Visitor: 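Okay, here's the structure, questions in a sec.
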Number of protein chains: 2
Amino acid sequence: MPAPSRTSLEAIVAAGTALLEEAGPDGLTMQAVATRVGVRAPSLYKRVAGRDALVRLVAEAAVRDLTEVLEAATPPDADPAAALVDLAHALRRFAHARPAAFRLIFWSGAEATRPSPELNARAVAPVLRVCAALAGEDRALEAARTVTAWAAGFVGMELADAFRSGGDVDEAFEFGARRLAGAIAAG
Amino acid sequence: MPAPSRTSLEAIVAAGTALLEEAGPDGLTMQAVATRVGVRAPSLYKRVAGRDALVRLVAEAAVRDLTEVLEAATPPDADPAAALVDLAHALRRFAHARPAAFRLIFWSGAEATRPSPELNARAVAPVLRVCAALAGEDRALEAARTVTAWAAGFVGMELADAFRSGGDVDEAFEFGARRLAGAIAAG
DNA sequence: ACCTGAACACCGTTCAAGT
DNA sequence: ACCTGAACACCGTTCAAGT
């Protein structure tokens with residue numbers, strides 16, 4: 001006698017995403033997710049292999065959201081240097097809106113919960129495109145890694161509250177973005 | 001009737017440090033630490049407030065080690081641009097030797113386990129000094145944040161296995177270090 | 001076909017009892 | 001003064017039993 005589904009993978013990932021921001025990574029428990037979707041914890045295992053798999057799904061959904069944000073920030077006809085600064089700001093806005101998701105995407109230590117590299121590559125594709133225009137095809141990859149490392153590092157440190165020695169953080173970000181755009185472009 | 005101490009805070013922190021690298025943050029459990037120092041878990045609470053406090057102590061010890069590494073990398077009479085590149089390499093070497101500790105220092109999400117900002121500031125002081133020489137006192141803070149964000153971001157992404165699209169990672173690091181030194185120095 | 005309670009092996013933490 | 005076993009509230013996960 002078949003029993004009707006009382007939840008869905010989509011609802012589970014959405015619950016996980018919400019819990020991640022509201023309660024942090026430690027608050028993203030199978031039990032909390034189950035309660036949220038109106039089911040008992042063991043039922044989740046019908047749709048998800050386990051907690052690690054769920055966290056990865058949450059991370060991958062976040063990467064897809066980030067991809068959209070970054071693509072929206074780079075209209076095809078934009079000036080490359082300006083586009084690079086815009087990309088940096090878009091990444092920072094995403095991180096401020098969803099700090100836990102941002103951390104999960106970039107600094108998730110555990111192999112088991114890491115989003116697939118292909119998805120990450122797609123997210124960073126706009127950066128690569130702009131860097132190619134700015135630094136030339138040969139240098140595009142190195143340039144993109146430099147910019148991405150700086151932007152992700154800056155925002156990560158900001159979220160970790162690492163900038164406490166005074167000074168204007170917005171200005172420091174602006175400073176970095178401009179200087180990097182210049183450094184990438186320079187011969 | 002006094003009982004003799006069977007362990008010490010120092011031994012506990014050392015055991016935590018070792019476990020962190022060997023078994024990851026999740027492997028750093030009170031029980032594993034206790035076993036390692038030859039005692040039962042409840043005994044640890046005589047010397048440490050709890051797991052979060054222990055993780056913080058481990059992180060702070062790591063920051064002190066990193067501070068020494070960075071100070072050793074910047075002899076007072078070095079050329080500033082070369083010193084900046086040396087600092088970046090020293091940070092990267094530390095991260096490769098102790099990846100879990102590095103992550104804990106820079107990307108620890110949880111407030112409760114974060115090393116004190118004063119300690120972090122001391123660690124980054126050599127960077128600030130070199131940046132002042134390179135960019136001028138006015139720009140030193142922004143420049144240091146730019147460089148630190150890039151270096152920590154790059155190495156963090158490297159540890160997270162984010163650089164899979166081919167290309168030489170060592171070269172990308174070198175590229176970034178040189179370009180940043182130039183960008184910081186430029187007017 | 002899906003959901004559940006019960007159970008298991010693990011956590012962190014507290015505390016009364018031992019020496 | 002320090003250490004311990006026992007206990008508690010929580011995890012993730014498995015599985016037989018229900019519908």
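In this text the structure is predicted, and so the values were computed from the model without any measurement.
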Visitor: Measure CG/B:Leu44 against P/D:dC3 and give the value in whole Å, please.
Guide: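 Atom CG in B:Leu44 sits about 9 Å away from atom P in D:dC3.
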Visitor: Check whether B:Phe173 forms a cation-pi arrangement with B:Arg92 (NZ or CZ under 6.0 Å from the six-membered ring centre, at most 45° off the ring normal).
Guide: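 That pair qualifies as a cation-pi contact.
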Visitor: In whole angstrom, give the distance that lies between atom CZ of B:Arg40 and atom P of C:dT19.
Guide: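 Distance check: B:Arg40 CZ to C:dT19 P gives 15 Å.
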Visitor: With the sugar-phosphate defined as primed atoms, P, OP1 and OP2, and the base as all remaining atoms, what B/S/- string results for nucleotides 11-18 of chain D, 5' to 3', for protein heavy atoms under 4.0 Å?
Guide: SBBBB---
Visitor: Evaluate the side chain to side chain contact (heavy atoms under 4.5 Å, CB included) criterion for residues A:Thr74 and A:Asp86: first the C-alpha distance (whole Å), next the side-chain angles of each, then the deciding distance (0.1 Å), finally the verdict.
Guide: CA-CA 8 Å; A:Thr74 50; A:Asp86 289 347; over 6 Å; no
Visitor: To the nearest angstrom, how far is A:Arg47 atom CZ from C:dC2 atom C1'?
Guide: 7 Å
Visitor: The test is side chain to side chain contact (heavy atoms under 4.5 Å, CB included); show your working for A:Leu66 and A:Leu91 and say whether it passes.
Guide: CA-CA 8 Å; A:Leu66 176 60; A:Leu91 179 72; 3.8 Å; yes
Visitor: When you check the phosphate oxygens OP1 and OP2 of D:dT4, does a side-chain N or O of B:Arg6 lie under 4.0 Å from one of them?
Guide: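 Yes, B:Arg6 has a side-chain N/O under 4.0 Å of OP1/OP2 on D:dT4.
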Visitor: Whether B:Ser43 contacts D:dT4 is assessed here as follows: a side-chain N or O lying under 4.0 Å from the phosphate OP1 or OP2. Is that the case?
Guide: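 Yes.
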Visitor: If you take the centroid of each ring, where Trp contributes its six-membered ring, are B:Trp107 and A:Trp107 closer together than 6.0 Å?
Guide: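 Here the rings of B:Trp107 and A:Trp107 have centres that are less than 6.0 Å from each other.
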Visitor: In this structure, how many angstroms lie between the P atom of D:dT4 and the NZ atom of B:Lys46, rounded?
Guide: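 Spelled out: NZ on B:Lys46 to P on D:dT4 is 12 Å.
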Visitor: For the side chain of A:Glu158 and the backbone of A:Val169, is there at least one donor-acceptor N/O pair under 3.5 Å apart?
Guide: no
Visitor: Please step through salt bridge (Lys or Arg N to Asp or Glu O under 4.0 Å) for the pair A:Arg178 and A:Glu174, ending with a clear verdict.
Guide: CA-CA 6 Å; A:Arg178 295 258 160 74; A:Glu174 204 64 34; 3.0 Å; yes
Visitor: Based on Watson-Crick and G-U pairs with both distances under 3.5 Å, what dot-bracket line describes DNA chain C 5' to 3', crossing pairs as [ ] and inter-strand pairs as |?
Guide: ||.|||||...|||||.||
Visitor: C:dA1 P sits how many Å from A:Leu9 CG, rounded?
Guide: 18 Å
Visitor: Does B:Ser165 form a side chain to side chain contact (heavy atoms under 4.5 Å, CB included) with A:Arg145? I'd like the steps, not just the answer.
Guide: CA-CA 10 Å; B:Ser165 356; A:Arg145 282 172 177 171; 3.8 Å; yes
Visitor: Inspect the surroundings of CZ in B:Arg36 and state if more than 12 heavy atoms from other residues, nucleotides or ligands are less than 6.0 Å away.
Guide: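 Yes, CZ of B:Arg36 has more than 12 neighbouring heavy atoms, counting only those of other groups under 6.0 Å.
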